[in-house]
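All residue numbers in this chain count up from 1 along the given sequence.
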Amino acid sequence: MIFRPCIDIHNGKVKQLVGESLKDKGNHAKENFVSEKNASYFANLYKNDGLKGGHIIILNAGDSEFFDKSKQQALDALKTYPGGMQIGGGINAANAMEYIVAGASHVIVTSFVFRDGQISYTNLKALVKAIGREHIVLDLSCRKKGGEHCIVTDRWQKFTDVKVNHDTLNELSEYCDEFLIHGVDVEGKGSGMDEELVKKLSMWKTTETDTVKITYAGGISSMEDIERFQNYCGDMIDFTIGSALDLFGGKVSYRKIVEKYS
């Protein structure tokens, strides 16, 4: 179990947001933190601390007036730490290679693969053909609906009919190198992790062999939360923390996390 750092970019700035508040209309979101430092600063910090496999997320829609500004921040971060970070936000089969060439180790994809509420195997196979399974992270971030964790797309605004369960994880693991899974209902709230989701992911990792890596995000806000997370999943699942870190205005020591979980 290791710590995966993050750089979330919205309206051209590094931010931490309350996940469920994000809306494309008006580029609106409830902000927990807005950094005065750019994305390259954080990429350089993670590089110097030897943290690999973190994610950069462009949180603006492709048709937003802020998208190009946010994308440039992301590209600058990739240039600062080539091969050290993954990137998501508006990725598809046509543009994925651009980000790999720019320095991303992987691209993170949701909306291109989950279309009209279902899995688009046409798009998924096109993505694999374009850059190879080894460069793909599938974002299975989810929210509760009808008692089930359902994958959400378009910056967590649209529900799909695809449930995060053993069958889905088994099926999609053939097409990617990793899963990134936000518990969106608790993302950015500092209220603790989605324990039901973490238990579900841990059970899959326990029962299946040679499975892809999983990084969980959402709600972890203290060292005690991390210890509880580790009790559930052992060393099988990695984790990320955003708003709770002192880097982003929270109370959890980034330096302590690096020293213990890198």
Side-chain angles (χ1 to χ4, degrees), residues 1 4 8 16-25 29-30 32 55 57 59 88 108-121 123-124 137-176 178-209 211-222 224-234 236-244:
M1 184 182 90
R4 305 284 197 101
D8 293 346
Q16 287 293 315
L17 307 176
V18 177
E20 66 180 10
S21 74
L22 188 59
K23 299 290 185 292
D24 288 342
K25 185 177 181 180
K30 183 178 179 181
N32 283 327
H55 55 272
I57 304 294
L59 290 171
I108 304 167
V109 183
T110 310
S111 300
F112 180 67
V113 168
F114 300 95
R115 311 291 292 182
D116 301 318
Q118 303 297 326
I119 302 169
S120 170
Y121 285 98
N123 286 358
L124 184 53
V137 176
L138 290 180
D139 185 341
L140 308 187
S141 296
C142 52
R143 300 179 69 178
K144 291 291 288 291
K145 181 181 181 182
E148 298 279 356
H149 285 96
C150 294
I151 295 170
V152 287
T153 67
D154 298 277
R155 291 150 303 283
W156 307 331
Q157 296 169 70
K158 294 181 181 178
F159 276 98
T160 72
D161 297 324
V162 184
K163 300 177 178 64
V164 177
N165 56 31
H166 283 220
D167 289 342
T168 299
L169 293 168
N170 284 338
E171 199 170 337
L172 293 177
S173 64
E174 299 180 15
Y175 298 93
C176 66
E178 298 185 20
F179 293 129
L180 172 63
I181 305 179
H182 289 77
V184 178
D185 290 323
V186 297
E187 176 71 21
K189 295 182 177 179
S191 57
M193 64 188 159
D194 185 329
E195 294 189 8
E196 182 182 342
L197 176 59
V198 170
K199 289 178 182 178
K200 187 181 298 183
L201 299 176
S202 300
M203 188 175 297
W204 181 68
K205 290 289 287 183
T206 301
T207 57
E208 301 297 328
T209 58
T211 55
V212 302
K213 296 177 182 177
I214 296 177
T215 298
Y216 169 82
I220 297 176
S221 58
S222 67
E224 291 75 20
D225 283 346
I226 298 172
E227 291 172 3
R228 192 175 301 112
F229 177 82
Q230 191 166 24
N231 287 336
Y232 284 138
C233 65
M236 296 181 295
I237 301 177
D238 295 338
F239 69 99
T240 189
I241 307 176
S243 299

Under a 3.5 Å distance rule, please check whether Y216 uses its side chain to pair with a backbone N or O of D194 as donor and acceptor.
yes
Pair W204-N170, side-chain contact (heavy atoms from CB on, under 4.5 Å): steps then yes or no:
CA-CA 9 Å; W204 181 68; N170 284 338; 2.7 Å; yes
Would a distance-only check, ignoring hydrogens and angles, find a side-chain to backbone donor-acceptor pair under 3.5 Å from D185 to K144?
yes
Which pair of heavy atoms, one from D225 and one from G192, lies closest together, and at what distance?
OD2-CA, 4.0 Å
Closest heavy-atom contact between R143 and V184?
CG-CB, 3.4 Å
Donor-acceptor contact below 3.5 Å, side chain K205 vs main chain V212
yes
Exercise: identify the closest heavy-atom pair between C233 and M1:
SG-SD, 4.4 Å
Quick check: do L140 and F114 have side-chain heavy atoms less than 4.5 Å from each other?
yes
Please determine if R4 and D238 form a salt bridge, counting it only when a charged side-chain N lies under 4.0 Å from a carboxylate O.
yes
Please verify the inter-ring angle class for H182 with H55; under 30° counts as parallel, over 60° as perpendicular, anything in between as tilted.
perpendicular
C150 and K163 have their tightest heavy-atom pair at SG-CG, 4.2 Å
Say you draw a straight line from CZ of R228 to CD1 of I226; how long is it, rounded to the nearest 0.5 Å?
11.0 Å
Looking at N231, I'd like to know if its CG atom is crowded, meaning that more than 12 non-hydrogen atoms belonging to other residues, nucleotides or ligands lie closer than 6.0 Å.
yes
So, does N123 use its side chain to make a donor-acceptor pair with the main chain of F112 at under 3.5 Å?
yes
Do the side chain of T153 and the main chain of T110 share a donor and acceptor less than 3.5 angstrom apart?
no
Counting neighbours of CE on M203 that are heavy atoms of other residues, nucleotides or ligands and sit closer than 6.0 Å, is the number greater than 12?
no
May I ask you to check whether over 12 heavy atoms, not counting those of K200, lie within 6.0 Å of atom NZ?
yes
Against Q118, only a single residue in T160, V113, D161 fulfils side-chain contact (heavy atoms from CB on, under 4.5 Å); can you say which?
D161
Minimum heavy-atom distance between L138 and L124, given as atom pair plus value:
CD2-CD1, 4.1 Å
Rounded distance (nearest 0.5 Å) linking atom CD1 of I181 with atom SG of C142
6.5 Å
Could you go step by step and tell me if L201 and F179 meet the side-chain contact (heavy atoms from CB on, under 4.5 Å) rule?
CA-CA 10 Å; L201 299 176; F179 293 129; over 6 Å; no
For V186 and M193, the nearest pair of non-hydrogen atoms, with its separation, is CG2-C, 4.3 Å
